[in-house]
Amino acid sequence: MSFSPLTSACSSLGVKSSSLIVQLGFHTAENNKFPGAFVSSPKRTKTKKFSIACSSTDPLLVKAARGDPVSRPPTWMMRQAGRYMAVYRKLAEKHPSFRERSETTDLIVEISLQPWEAFRPDGVIIFSDILTPLPAFGVPFDIEEVRGPVIQSPIRFEDDLKALHPIDLEKLHFVGESLKILRQEVGGHAAVLGFVGAPWTIATYIVEGGTTRTYTTIKSMCHTAPNLLRTLLSHLTKAISEYIIYQVESGAHCIQIFDSWGGQLPPDMWEQWSKPYITEIVSVVRNKCPKTPLVLYINGNGGLLERMKGTGVDVIGLDWTVDMADARKRLGSDISVQGNVDPAYLFSPLSAVTKEIQRVVKCAGPRGHILNLGHGVLVGTPEEAVAHFFDVSKSLNYDGSSQNHSMEESKLG
């Protein structure tokens, strides 16, 4: 008997190939050539506003992040609000400054809700930037059309540290206000997501003076000025911890930590220059907000998965270069995962998108998985493909046997 490539790709999960569909428990009503996981897509509701009252139960995404039983994998997309949407481009014409769009409460809320109104994802992430809090602790920056973020006074010497001060959350009032409104708008129908940059990633901008392809200045600083770099990273750790707590207290159900450029470090260097600071953030936030799930995402994280787990986060975000089945095997069953469809799939025929979603979800298994892309939505992505992605995800359904099977495997592991 022959099986699809999916079966062999997921064999490392310890599920017998001949009973893969039964044990993972997907219901299907069509697409018999690729069995499992996909049924007819329900039409999306076009309701724009929802009850202010919060649901008495946690959103699906929060449950999945904690590893609780869920009926299907919750879904959202990194950069789900952005230039691929016509409605966003129209708004950006009226408000061409990114800083204005990301630092004005009304615009933040409007942009954050654009994908919610169009696709009804299970997570609504605030429209912001990992550099947004920098001026609140003494690091002003600009965003130029060609160069991107520019920091005119990078920190490279001891005297430069004098510009830093404790984070002034009043200067980030628009973030708190926006999260409160978003929580009211989506009610209990979706999780509101906040996010921050990890200390190492934020430090790359502060030391390099903006974006870079080589990271030579900050990497050399690890050896030429380690105490200076540790002081900077420690300051960022405290500021980011307070910023996360502020977002949670303002309404965020879940926080994603982006160590976007952590993957530029060799694993042993990441262990020394990024992991300890993320671990400290997790500890501080866990003490203050013990019920808030924390997600850690690193671009190019295939060589760091086990180390990422050691930070104590609840969810590991996988980029698309990591095989989901392999990641599950390496990480074990006691932590949730997020991802990891290649964003480029959204430029493919919709049937290919469907099959890739099915493959990823089956390999992830029925517990502790948040369906997402392996990176942000690309500029130029067809909105139809994004809509299809969410429709397919909502048609998935775990049955009871899959949950029980996962629990038994966890006990045996």
Side-chain angles (χ1 to χ4, degrees), residues 61-62 65 76 78-81 98-99 102-103 108 112 123-139 141 149 151 164 166-180 182-183 191-206 232-263 270 273-289 292-299 301 308 311-317 338 370 372 375-376:
L61 188 149
V62 173
W76 69 284
M78 290 180 279
R79 293 185 189 160
Q80 65 186 15
F98 177 82
R99 292 287 298 272
S102 61
E103 297 179 16
I108 294 170
S112 301
V124 175
I125 190 166
I126 184 172
F127 182 76
S128 187
D129 192 86
I130 61 172
L131 300 185
T132 294
L134 266 61
F137 53 80
V139 184
F141 73 97
I151 295 172
L164 299 176
I167 190 168
D168 182 359
L169 295 172
E170 285 295 321
K171 293 183 177 179
L172 298 168
H173 64 90
F174 49 86
V175 172
E177 293 165 359
S178 298
L179 287 168
K180 288 186 175 79
L182 290 174
R183 183 71 176 256
V192 173
L193 308 175
F195 69 93
V196 298
W200 169 265
T201 288
I202 298 299
T204 64
Y205 292 96
I206 294 175
L232 172 60
L233 290 168
S234 295
H235 186 92
L236 294 174
T237 298
K238 188 173 188 304
I240 292 166
S241 298
E242 293 181 27
Y243 187 39
I244 290 177
I245 293 168
Y246 174 67
Q247 291 188 45
V248 173
E249 292 178 344
S250 297
H253 288 100
C254 181
I255 299 291
Q256 178 150 315
I257 302 169
F258 285 90
D259 195 9
S260 305
W261 310 128
W270 186 84
W273 292 103
S274 186
K275 181 181 177 181
Y277 304 97
I278 296 173
T279 303
E280 176 64 16
I281 289 172
V282 172
S283 177
V284 171
V285 174
R286 188 82 74 225
N287 183 58
K288 189 76 173 179
C289 313
T292 302
L294 300 175
V295 184
L296 176 58
Y297 174 83
I298 299 177
N299 189 27
N301 61 6
M308 292 172 69
T311 62
V313 295
D314 303 278
V315 185
I316 301 297
Q338 178 177 275
I370 300 169
N372 204 317
H375 199 270

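Heavy-atom basis, side chains included; hydrogens, waters and symmetry copies ignored. FYI, the numbering just counts along the sequence from 1.
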Side-chain donor-acceptor pairs under 3.5 Å in residues 276-287, sequence neighbours left out?
from : atom 1 : to   : atom 2 : distance (Å)
T279 : OG1    : K275 : O      : 2.8
R286 : NH1    : D314 : OD2    : 3.2
R286 : NH2    : G312 : O      : 2.6

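A pairwise comparison of heavy atoms in P149 and Y205 identifies CG-CE2, 3.9 Å as the closest pair. Among all heavy-atom pairs drawn from Y243 and P133, the shortest one is CE2-CG, 3.7 Å. Shortest non-hydrogen contact noted between A65 and P293 is CB-CB, 3.6 Å. Summarising the geometry of L61 relative to A191, their closest heavy-atom pair is CB-CB, 4.0 Å, with the distance given to 0.1 Å.
Side-chain atoms of N372 come within 3.5 Å of backbone N or O of M78 as a donor-acceptor pair. With hydrogens and angles disregarded, a donor-acceptor distance shorter than 3.5 Å links the side chain of Q80 to the backbone of G123. Judged by distance alone, the side chain of D129 and the main-chain N or O of S102 form no donor-acceptor pair under 3.5 Å.
Looking only at atom types and distance, the side chain of T201 has a donor-acceptor partner in the side chain of D259 under 3.5 Å away. Residues Q256 and W76 bring no donor and acceptor atom of their side chains to less than 3.5 Å of each other.
Atom CG in L233 sits 7.5 Å away from atom CH2 in W200 (nearest 0.5 Å). Rounded to the nearest 0.5 Å, atoms CZ (F137) and CG (L134) are 4.0 Å apart. Note that the CD1 atom of I240 and the CD1 atom of I257 stand 8.5 Å from one another [nearest 0.5 Å]. Note that OG of S112 and CG of L182 are 5.0 Å apart. Values are rounded to the nearest 0.5 Å. How far OG1 of T132 is from CD of E103: 5.5 Å, rounded to the nearest 0.5 Å. The CG atom of L131 sits 6.5 Å away from the CD1 atom of I151 when rounded to the nearest 0.5 Å.
Residues I255 and Q247 have side chains in contact (heavy-atom distance under 4.5 Å, counting atoms from C-beta outward). Within the 4.5 Å cutoff, side-chain heavy atoms of P135 are placed close to those of R99. When side chains are defined from C-beta on, I298 does not count as touching S260, because their heavy atoms never get closer than 4.5 Å.
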Worked check of side-chain contact (heavy atoms from CB on, under 4.5 Å) between I206 and L236
CA-CA 10 Å; I206 294 175; L236 294 174; 3.9 Å; yes
What verdict does the side-chain contact (heavy atoms from CB on, under 4.5 Å) test give for F195 and I126, after you've listed the backbone C-alpha separation in whole Å, the side-chain angles of each residue and the deciding distance to 0.1 Å?
CA-CA 8 Å; F195 69 93; I126 184 172; 4.1 Å; yes
As a quick check of understanding, evaluate side-chain contact (heavy atoms from CB on, under 4.5 Å) for I108 and V175, giving each step before the final call.
CA-CA 8 Å; I108 294 170; V175 172; 5.5 Å; no
Taking it one step at a time, do T292 and H253 satisfy side-chain contact (heavy atoms from CB on, under 4.5 Å)?
CA-CA 6 Å; T292 302; H253 288 100; over 6 Å; no
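Remark: R79 is not positioned above the aromatic ring of F127, lacking an NZ or CZ atom under 6.0 angstrom from the ring centre and at most 45 degrees off the axis.
Checking each of V192, L294, L193 against C254 for a side chain to side chain contact (heavy atoms under 4.5 Å, CB included) leaves exactly one that passes, namely L193.
The salt bridge (Lys or Arg N to Asp or Glu O under 4.0 Å) contacts involving residues 233-243 comprise K238-E242, where partners must be two or more places apart or lie in separate chains.
Aromatic ring pairs are classed by plane angle as parallel below 30°, tilted from 30° to 60° and perpendicular above 60°; the pair H375 and Y297 is perpendicular.
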